[in-house]
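Report on one structure; see the data block that follows.
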Number of protein chains: 2
Amino acid sequence: MRVRLEDVARATGVSPKTVSRVLNEESSVKESTRQKVLAAMESMNYRPSPAARGLAGSRSFLVAMLYDNNDNPASTYLAEVQDGVLDACDAHRYSMMACPLRMRGQDFIRRVDALVFDHHIDGVIMTPPLTDYAPLLQRLKEHGVPYSSISPVQRDSSIGVCMDEQQAAKALVMQLVELGHRRIAHILGIANHGASRWRMAGYKDALAAAGIPFDAQYVVQGEFSFGSGVLAARELFALPELPTAIFAANDDMAAGVMWAANERGLKVPRDLSVCGFDDTPLATQLWPPLTTVRQPSREMGKLAALQLMELLRGRGPGLLVQVPYALQMRESTARAP
Amino acid sequence: MRVRLEDVARATGVSPKTVSRVLNEESSVKESTRQKVLAAMESMNYRPSPAARGLAGSRSFLVAMLYDNNDNPASTYLAEVQDGVLDACDAHRYSMMACPLRMRGQDFIRRVDALVFDHHIDGVIMTPPLTDYAPLLQRLKEHGVPYSSISPVQRDSSIGVCMDEQQAAKALVMQLVELGHRRIAHILGIANHGASRWRMAGYKDALAAAGIPFDAQYVVQGEFSFGSGVLAARELFALPELPTAIFAANDDMAAGVMWAANERGLKVPRDLSVCGFDDTPLATQLWPPLTTVRQPSREMGKLAALQLMELLRGRGPGLLVQVPYALQMRESTARAP
DNA sequence: ACGCAAATTGACAGCGCTGACATTTCTGTC
DNA sequence: GACAGAAATGTCAGCGCTGTCAATTTGCGT
């Protein structure tokens with residue numbers, strides 16, 4: 001009923017082991033044999049059994065995508081990343097298991113162990129903030145499971161994908177400066193996220209480059225959520241001298257700022273310019289459309305997965321590749337009032 | 001190194017097969033034996049190997065979540081559903097594979113076959129519009145793979161979860177009527193989605209109940225996306241007599257309507273009431289916050305998965321359960337001008 | 001205490017593949 | 001043309017579990 005490796009072997013007149021070699025792209029197979037086997041596989045529509053491969057061999061052809069599951073603030077982001085990862089897996093005949101992790105407590109240890117022991121996963125792809133969660137990384141290293149990180153803070157010693165967020169943030173704020181803004185506020189993301197750090201650093205860089213003194217009262221804490229954007233904006237609106245522009249560390253918070261601006265009777269962008277970061281779908285669904293930085297999440301997921309698979313297939317060490325950003329200047333920013 | 005079933009057997013003094021029986025919750029094991037085995041498993045921290053179970057047995061303890069991947073308009077929705085599904089899987093020691101399907105062409109056949117043959121998946125969970133895609137359903141039936149549907153159009157003969165969307169839509173539009181609206185427009189979703197049908201039907205029900213004659217010019221086609229909402233709204237704004245309220249078939253389109261209203265200089269809700277459906281995060285991130293219907297996507301994913309697993313475990317036939325809706329009256333709707 | 005069906009347990013092969021190691025078939029060399 | 005060494009291929013056991021079917025134990029009526 002099912003076409004097995006043995007069937008292909010018989011049809012080709014070689015031993016099962018040779019077919020196995022072809023399947024696993026081992027180099028010690030004569031090209032002519034390889035072609036014959038490949039042809040037979042094709043014509044017989046042979047599909048290897050992952051279960052058998054996993055049981056007999058050391059590889060499972062399974063990778064896990066780990067993500068933080070505290071709430072799900074950035075579900076769009078995760079969905080896009082996951083899509084990219086699946087894309088790459090598909091191309092390389094890997095399968096992916098999605099695995100939300102709660103960072104609090106020991107839960108994540110159990111989960112990771114389960115993945116490693118039960119499923120024998122070959123590798124892991126992670127999104128922030130997991131990428132820099134030391135206990136997790138350590139556990140993975142102990143298990144000898146390779147991992148690929150998306151936008152990790154620690155950029156050495158890891159493979160994956162990143163974007164020059166600091167440069168991007170700087171460029172964005174420079175645009176605000178160009179528009180004549182001097183009192184530019186920033187809303188920070190969650191403290192231990194690399195994204196928060198870089199975007200803040202870029203903000204400072206831009207101010208410095210423009211010769212605008214850094215003023216701590218224009219920097220308020222947020223936590224990447226819409227609600228935190230609203231709160232942060234209210235805080236800023238309570239200052240004696242209102243900022244003329246607000247750079248929120250992500251789009252959700254920027255949306256919160258616009259919400260709060262409406263509430264307060266401020267007209268965006270006439271009275272206040274607002275910009276975010278990420279270019280989520282939300283950015284173009286707000287009125288006015290949000291100026292932001294495009295982060296190619298899908299592409300990044302794909303690249304991270306590809307790097308991992310390069311490594312798993314023994315084709316080189318895997319790299320930390322960088323993707324380009326792109327400023328999206330839209331109508332939420334305008335000349336300073 | 002790894003604790004195997006055999007180790008547990010030896011420790012308990014029974015045969016491996018008996019341990020296997022306990023593992024699989026077969027009924028023909030004496031309670032006292034069961035307890036002993038269970039205790040040993042626990043203390044030895046035994047974890048069965050999915051690969052071995054899949055290879056030897058007929059079950060894989062794998063379910064697949066299938067979803068449509070045309071673009072990814074409703075990524076929030078899918079992310080929530082997936083989260084719920086994973087939750088349920090976790091509780092029942094199943095694993096889940098996410099599997100985006102492109103409905104165009106034959107691609108999906110290949111993919112489904114791959115899932116069934118390669119991974120021996122035990123069952124499938126689907127989201128609209130896959131739930132009613134005949135070729136897919138047929139293929140699954142041919143393979144004898146049970147499936148659980150989320151909001152299927154065909155409500156007989158399938159297990160899964162649904163919501164009374166028609167009733168919900170009716171109730172929502174009734175609220176508009178209560179607010180004094182008479183010219184209420186509706187923006188349709190994608191044609192073959194059940195959601196489009198039900199929401200439209202509810203809209204008609206409400207008009208009928210209120211004695212308002214149905215006027216076809218107030219119903220325009222959309223496709224669930226923000227952009228289509230904008231276009232549809234512009235169409236409505238070109239009518240000689242503008243509607244005073246617009247019920248969009250989902251939140252994204254409602255956001256598009258609000259965008260178009262802004263563009264046109266209409267003030268929501270003063271000049272125009274707007275409402276959507278789904279209660280995505282977007283709904284509370286718009287200004288003003290959007291009146292809509294809460295659909296518990298996460299819960300629905302979980303329930304659909306649970307129903308499937310009930311079936312798989314042979315605990316009853318599995319049902320099509322219904323979840324309650326909840327109107328979310330917010331500031332995007334107000335008394336008719 | 002005895003017999004019989006039902007309840008419980010066990011023996012054993014084998015799921016489809018790969019790892020370790022053995023064997024055969026090529027190379028090029030002198 | 002014989003030979004060492006590399007290249008290519010083959011043999012075989014076994015990964016950890018479950019299906020099949022056989023064996024044993026138990027419960028119960030007489």
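Predicted model only: the values in this text are computed from it and were never measured. Just so we're on the same page: letters track the sequence lines, and every chain starts at 1.
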Under the side-chain contact (heavy atoms from CB on, under 4.5 Å) criterion, do Tyr67(A) and Met126(A) qualify, and how do the steps go?
CA-CA 6 Å; Tyr67(A) 56 94; Met126(A) 288 180 292; over 6 Å; no

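Rounding to whole angstrom units, CZ of residue Arg2(B) and C1' of dC15(D) are separated by 10 Å. Rounded to whole Å, atom C1' of dT9(C) lies 16 Å from atom CZ of Arg34(B). When rounded to the nearest whole Å, the span between CG of Leu5(B) and C1' of dC15(D) equals 13 Å. Glu31(A) has its CD atom 16 Å from the C1' atom of dT9(D), to the nearest Å. Following rounding to the nearest Å, His120(A) (NE2) and dC17(C) (P) show an atom-to-atom distance of 18 Å. Rounded to whole angstrom, the span from the CD atom of Gln35(B) across to the P atom of dT8(C) amounts to 14 Å. Taking atom CZ of residue Arg47(A) and atom C1' of nucleotide dC17(C), one finds them 16 Å apart after rounding to whole Å. The interatomic distance linking Arg4(B) (CZ) with dC15(D) (P) rounds to 7 Å, in whole Å.
Heavy-atom minimum distance, Leu311(A) versus Ile159(A): CD2-CD1, 4.0 Å. The two atoms that bring Val145(A) and Asp122(A) nearest to each other are CG1-O, 4.2 Å, heavy atoms only.
Summary of the strand contacts: Gly57(B) and Lys30(B) both lie near DNA chain D, and taking for each the nucleotide with the nearest heavy atom, the more 5' one is attributed to Gly57(B).
Contacts between residues 14-28 of chain A and DNA chain D, defined by a heavy-atom separation below 4.0 Å, involve Val14(A), Ser15(A), Lys17(A), Thr18(A), Arg21(A), Ser28(A), listed by number.
The side chain of Leu55(A) lies closest to dG16(D) when the candidates are dT18(D), dG16(D), dT9(D). Which of dA8(D), dC15(D), dG16(D) sits closest to the side chain of Ala52(B) comes down to dG16(D).
A heavy-atom distance below 4.5 Å is not found between the side chains of Met65(B) and Cys99(B). Between Val14(A) and Val8(A) there is no side-chain heavy-atom pair separated by less than 4.5 Å.
Shown here is Glu31(A), whose CD atom has more than 12 heavy atoms of other residues, nucleotides or ligands within 6.0 Å.
Judged as a ring pair (Phe, Tyr, Trp, His ring centres under 6.0 Å), and not counting sequence neighbours, the contacts of Phe61(A) are Tyr94(A).
The shortest distance between the side-chain N/O atoms of Arg53(A) and the OP1/OP2 oxygens of dC17(C) is not below 4.0 Å. Put simply, Thr33(B) has no side-chain N or O that comes within less than 4.0 Å of OP1 or OP2 on dT8(C).
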